[in-house]
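What follows is a single structure, written as structure tokens, with notes after it.
Residue numbers start from 1 in every chain, and the chains themselves are labelled A, B, ... in the order their sequence lines are given, proteins ahead of strands. All values below come from the heavy atoms of this structure, side chains included, with hydrogens, waters and symmetry mates left out. These figures come from a predicted structure and were not determined experimentally.
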Amino acid sequence: GSASGGSVQGKEAGSKNIVIAEPVHLIAYLPLYAAIDEGYFKKEGLDVKTITATGGAHVTSVVSGDAWGNIGGPESNQMANNGNKDPIVSIVNVVDRANVYLMANKKLKLKGTSDQDLAAFMKGKSIAAGRYGGSPDLLTRWLLLKVGLNPNKDVKLDEPADASAVVSLVAQGKDDIANGAEPQISEGIKKGAWNEPFYGFPSLGDYAYSVISVKQSTINSQPQTVQKFVNAMLKGLKLVNSNKTEAFKILKKEFPTSSNASLKASMDRAYKDQLWSKDGFITKAAVAKPMDVVKKTGVYTKGYQYSKLVDMTFVNKANK
Amino acid sequence: MDANAEKIPVERTGIDQSLEVKKNTRVKAAVIEDDRKGISMRRKVVIGQMIVGVTIIFLWEFLTRIGWLDSYYWSNPSTIVQTGWTAAIQGTLLQDMAYTSGATIIGFILGTLVGSVIGLSFWWSSLYSRITEPYMIAFNAVPKLALAPVLVIMFGIGFNSKVIMAFLMTVIVAALAAYSGVKSVDKDLEKMLFSLGAKRHHVFMKVVVPSSVPWMVSSLKINIALALAGTIVGEFISSRQGVGRMILYAGQVMDLNLVWVGVIVLSFLSIFMYLGTVWIEKWLLKNRKYQ
Amino acid sequence: MDANAEKIPVERTGIDQSLEVKKNTRVKAAVIEDDRKGISMRRKVVIGQMIVGVTIIFLWEFLTRIGWLDSYYWSNPSTIVQTGWTAAIQGTLLQDMAYTSGATIIGFILGTLVGSVIGLSFWWSSLYSRITEPYMIAFNAVPKLALAPVLVIMFGIGFNSKVIMAFLMTVIVAALAAYSGVKSVDKDLEKMLFSLGAKRHHVFMKVVVPSSVPWMVSSLKINIALALAGTIVGEFISSRQGVGRMILYAGQVMDLNLVWVGVIVLSFLSIFMYLGTVWIEKWLLKNRKYQ
Amino acid sequence: MNKLEIVHNSKTFKKNDKEFCALQETNMSIQSGKFVSIIGPSGCGKSTLFNIIAGLLPPSTGEVLLDGKNIVGKSGCVGYMLQKDLLLPWRTILDNVILGLEIRGVHKTEARERALPMLQKYGLKGFEHHFPAELSGGMRQRAALLRTLLYDKDVILLDEPFGALDAQTRLFMQSWLLKIWSDFKKTVLFVTHDIDEAIYLSDEIYVFSHRPGRIKAKVEVDLPRPRNEETLTQASFQHLKKGLLIMLKVEQEIS
Amino acid sequence: MNKLEIVHNSKTFKKNDKEFCALQETNMSIQSGKFVSIIGPSGCGKSTLFNIIAGLLPPSTGEVLLDGKNIVGKSGCVGYMLQKDLLLPWRTILDNVILGLEIRGVHKTEARERALPMLQKYGLKGFEHHFPAELSGGMRQRAALLRTLLYDKDVILLDEPFGALDAQTRLFMQSWLLKIWSDFKKTVLFVTHDIDEAIYLSDEIYVFSHRPGRIKAKVEVDLPRPRNEETLTQASFQHLKKGLLIMLKVEQEIS
Ligand SMILES: Nc1ncnc2c1ncn2[C@@H]1O[C@H](COP(=O)(O)OP(=O)(O)OP(=O)(O)O)[C@@H](O)[C@H]1O
Ligand SMILES: Nc1ncnc2c1ncn2[C@@H]1O[C@H](COP(=O)(O)OP(=O)(O)OP(=O)(O)O)[C@@H](O)[C@H]1O
Ligand SMILES: [Mg+2]
Ligand SMILES: [Mg+2]
């Protein structure tokens, strides 16, 4: 398909229909939802909707032109870009921390936080790592490699497709360690499966976990639209980072059936670990980390160019 | 009576012989069923179904309350109803249901029609049918969810792609059912029609198609379930609406109550669609009192 | 011949009348097929299937080479073969295949057996069967993938859970097929058996079961596909091995060549299993030359 | 002594919510060892009556007494050959014929051994291991009759057993049936459309009226036994035949 | 002039890789407007011969000439009533009967109008809109015969059409068939097991030998026409009957 995702289709003249593909409907994408629900996009003349697309389809839907852009890790874009004449380019940051934590069965105690301690702790354990090939799974494998363990030999990895399954696996004693994020962490604590996480990947610092990306051809043909989108996105980020009560209201609206306690726990941890990007900027270091993860785990080894994968001109312009 | 019959020793018998016989009140018939049973039977079935349903719900609530089942994973009926209510009022459950059932029904209808045409067309050439059959089976077994990235390119991410998924799930089953019907056609009936000077298209229209109807109908119930599964897989791959998407999202945010709401809602949708197919079955076979 | 027949004007006819008649070389038979066709037909089918297969592969390679299809998403046969080779030699493709087909076949056998028993049991009581039917349908329509967390709790994450998924996918279809067979049993045959003093279990064993065999057999082909789908869904939910897991992983990391390898491998598995069911069909119906 | 009594039997079917009378109040008393034929126009309820006697259909009113005991609704008390051959298509002819024995619990191999000579004797030699679909209509009917005879009951109901047999086999089978009947003193109820056959075989003939079925007449056949082909040419035979023909003709005209 | 010629026809079936001869070299010459019967033991290949003439089965050797033209393998040239009734169970009796007309392209409503009087005239009144399963065997056979007659061809093959009819209807139908035949000068080939019927109806009777079928004799019936019930008692009738009976009996003994 062609880059038609942003063409004028709306009933109101000038209001562009924009579809953003998300791999899952996630609390971490709150700044995007905020920009939608608070009408920041509307004010820019954009009509933004999200669509959930699993199994890598959030990337393909952009390639095929069904979606205008996507939210997700830059590494999956890079994998699709390899050999593609019209690459997908990231334009603004949303989640700037690796939003994954490792929790262990209450009975297990970690001695220290060094790599050796971690290696000793995890060796021989069985780990509920989440969807095979997903970011949490890859991060877990990456960590195992980093501390000197072989993911295929030194531990037993269980890779259920459904995030909620990891809680039950540990709660039932079938696995010793689980990875996950909120709300799994607090649910597990509530159920007595584990205590606070023994390791948090946010400790890696800036990490381009979820960014918004569009095709290069879109940037070329509709620079104003991209600019407007980035402007509104930055407003969303600002709101979420500064106005906790309003952010919570939006969260409640987006996830009406979730319990307040679980939403609250998610928010608290997000603020504590500085989950969301402050300025929407994607640094070289933030991109380098996920690319290192896919490289070390052998998923993608062909290399990348920051300048082709990220275009910060719109963020820079907006922040001026 | 004629005069010739006079000399034959004829002894009149019949109702005038007075014997005390009571009206048979109830006889245990070995085989042939009485028609009167019909209505009371239907009532019994409905009552039986309700008893089973109520028992399941009661046990579920009870076992989760006393803790035999972990209510975190199993949820329980009252919480599910409550969550469902919230989802319907504040969320988009009703639109999701309309979306899912719309895609399912359209895909089901298309799949059944096209599949039946394909299956019936196999009557025309056994070479063609036997060449095609394994490819159909292979195609049907391809895991749609796994092809997610490619499917998005082929079918897009809109409503149409859900319809196509439902279509793909049903079309082969419908084709195979119609093909089974074609294979079961009584050769003697075909022979009889040819003896009346029929061309192949006459035999096709007047014998093959009507003979195959019961076979095609027999696949409807399976197909409505498959169509629903297809739609849900379609919604898993990519969707803005639909019950499948809701379930995926609920599982992701650990809202197991909402997962159950989705599962229950889908079960109800499936029961209603099932009843719909039963009604279609009756309608299609209504001119077949002989059965 | 008797002397009494002498006066009757009998005219001997037969082979002694000398007429020039050539041996019929080939007659276009309207209906009744000649047996001799059998073998050459089979050869034609195989050749036809190969032609179709080769054409698809050639077109695929050709269209991706000249760029009509984007080779990134569509991959192409040569790359797929290469990737598949690598996966088989360096990876675990062969074990994955064994794992997937093992779970599929075990689940298929269990599901077909149990389903057939359930479907046949419906002959015994129409009250019971009619109460149960909608629950079966609803149960069958429940999206297994959505129930992932609960399924993990119920069936674990090992090999068994894949088998159970395959089982759950097939059991209802097998039951419904057997039930259709039960409903199609000729009432007159039952009547005849009762007249020979048969009890219900005699009728069941001697009429109902054999009458239903062709119906049960007719569901095998659909069921093998469903069993495979069930196994793959089971592997999606949680797995350490299997082709389904490999595909999901490949899709996740956008390795579309590997996705295609998985899809092709599954298609081959499905064709082989299909051929297996065809063989089972023949075996089950081998004593039914009357058909 | 009356072997079989049909007391006040009637049958009404419901069809599209309309009542439809197939058999009007019928009374019959059949003495032990008698050969009784029933003739009547097509659709007059002869098969319906047999279904009632065989316990396969509950009558709307009335009782069926076998040796004085009510057997309404009880199947398996009498031998019954239905109008269709009803051979199981997945069984060989031999295995079809032993069905009754199997149900009584006789072992399959033993049952086969018992049945095989009968098959060979009565014109199915060489077809024992064929399937029903491979046989001509006549042969199938023969197999079905042998099956009923192997199911050894005092009273045997035969619903047009020879309707599909060719003329010669028919004559042959008639004589054979008479032999079985006199050897074993079975009570036979026999439906036929062939007046010659009815007279030749029977002690009594019931003539049924046109739909709804009702007994119109009962005719005693006082021809001496044993009967043979000579019987057919006797004057009293011709006399009976004429009378029956006229009675049936009246029926035909009414309808 | 010969309307229909069967030249050197034979048929061999393959069964489990064994050749099985159902019909040996058969030659028949049937003149236009004749009524020709075929009698022979069950399984002697009569239906097989009819299938060949009707173009539904390719013979192993030989030709079938209709008006001098070879019609081997061409169906629809003659009217053919098969041995089974073969009514379509999902069509009413009326709609079954008009099948031949429909195929010829006559509009359904017109075809119904044409067929309705025939149904009512020939004993199916009140059953026009019933389904086959609701009728007795005899009625079904009657409907099947009417269907063949409505398919208006010069040559009609009837494979035991009256086998399932009761004696009275049978007589009635025989007379009626004779009437149709003389009115329309149709050429009729007629299979029966009933010698009386064969003599009563026919100009010629072919006697087939036991399996494998072969023409054993051809008998001319020189009874005057029109025939009626008197014919049955004529001396020459009895004479013919005796001869045929003996011929068939020889067949029976051979088998
Ligand atoms: N189960 C049934 N439901 C409704 N009507 C029936 C049923 N069985 C038979 N009939 C009707 O009852 C009447 C009598 O049928 P039955 O089969 O007893 O006739 P018959 O005397 O045996 O005829 P034939 O000599 O042709 O076999 C027929 O009109 C038939 O249509
Ligand atoms: N399609 C076939 N394949 C193999 N054998 C066949 C086939 N059709 C008929 N036969 C055999 O050919 C022989 C002649 O059969 P056919 O039906 O012509 O006999 P028939 O004279 O019509 O007998 P009947 O009077 O009982 O109807 C039989 O032995 C039969 O088993
Ligand atoms: Mg009857
Ligand atoms: Mg025949």
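- The side-chain heavy atoms of E:I103 and B:K206, taken from C-beta on, include a pair separated by under 4.5 Å.
- Atom OH of B:Y128 has more than 12 heavy atoms from other residues, nucleotides or ligands within 6.0 Å.
- There is no contact between E:L157 and chain B, counting heavy-atom distances below 4.5 Å.
- Between E:L82 and B:S195, the shortest heavy-atom contact is CD1-OG, 4.3 Å.
- In this structure, E:L56 and B:K191 approach most closely via the heavy-atom pair CD1-CG, 3.4 Å.
- Between B:M192 and E:R147 there is a side-chain heavy-atom pair separated by less than 4.5 Å.
- Listed here is the closest heavy atom pair of E:Y151 and B:L196: CE1-O, 3.0 Å.
- The shortest non-hydrogen separation linking B:L189 to E:W90 is CD1-CH2, 4.4 Å.
- Surrounding CE of E:M118 are more than 12 heavy atoms belonging to other residues, nucleotides or ligands, all under 6.0 Å away.
- With a 4.5 angstrom heavy-atom cutoff, E:L86 touches chain B via backbone and side-chain atoms both.
- Annotation: side chain of E:E102 is not in contact with side chain of B:H202 (no heavy-atom distance under 4.5 Å).
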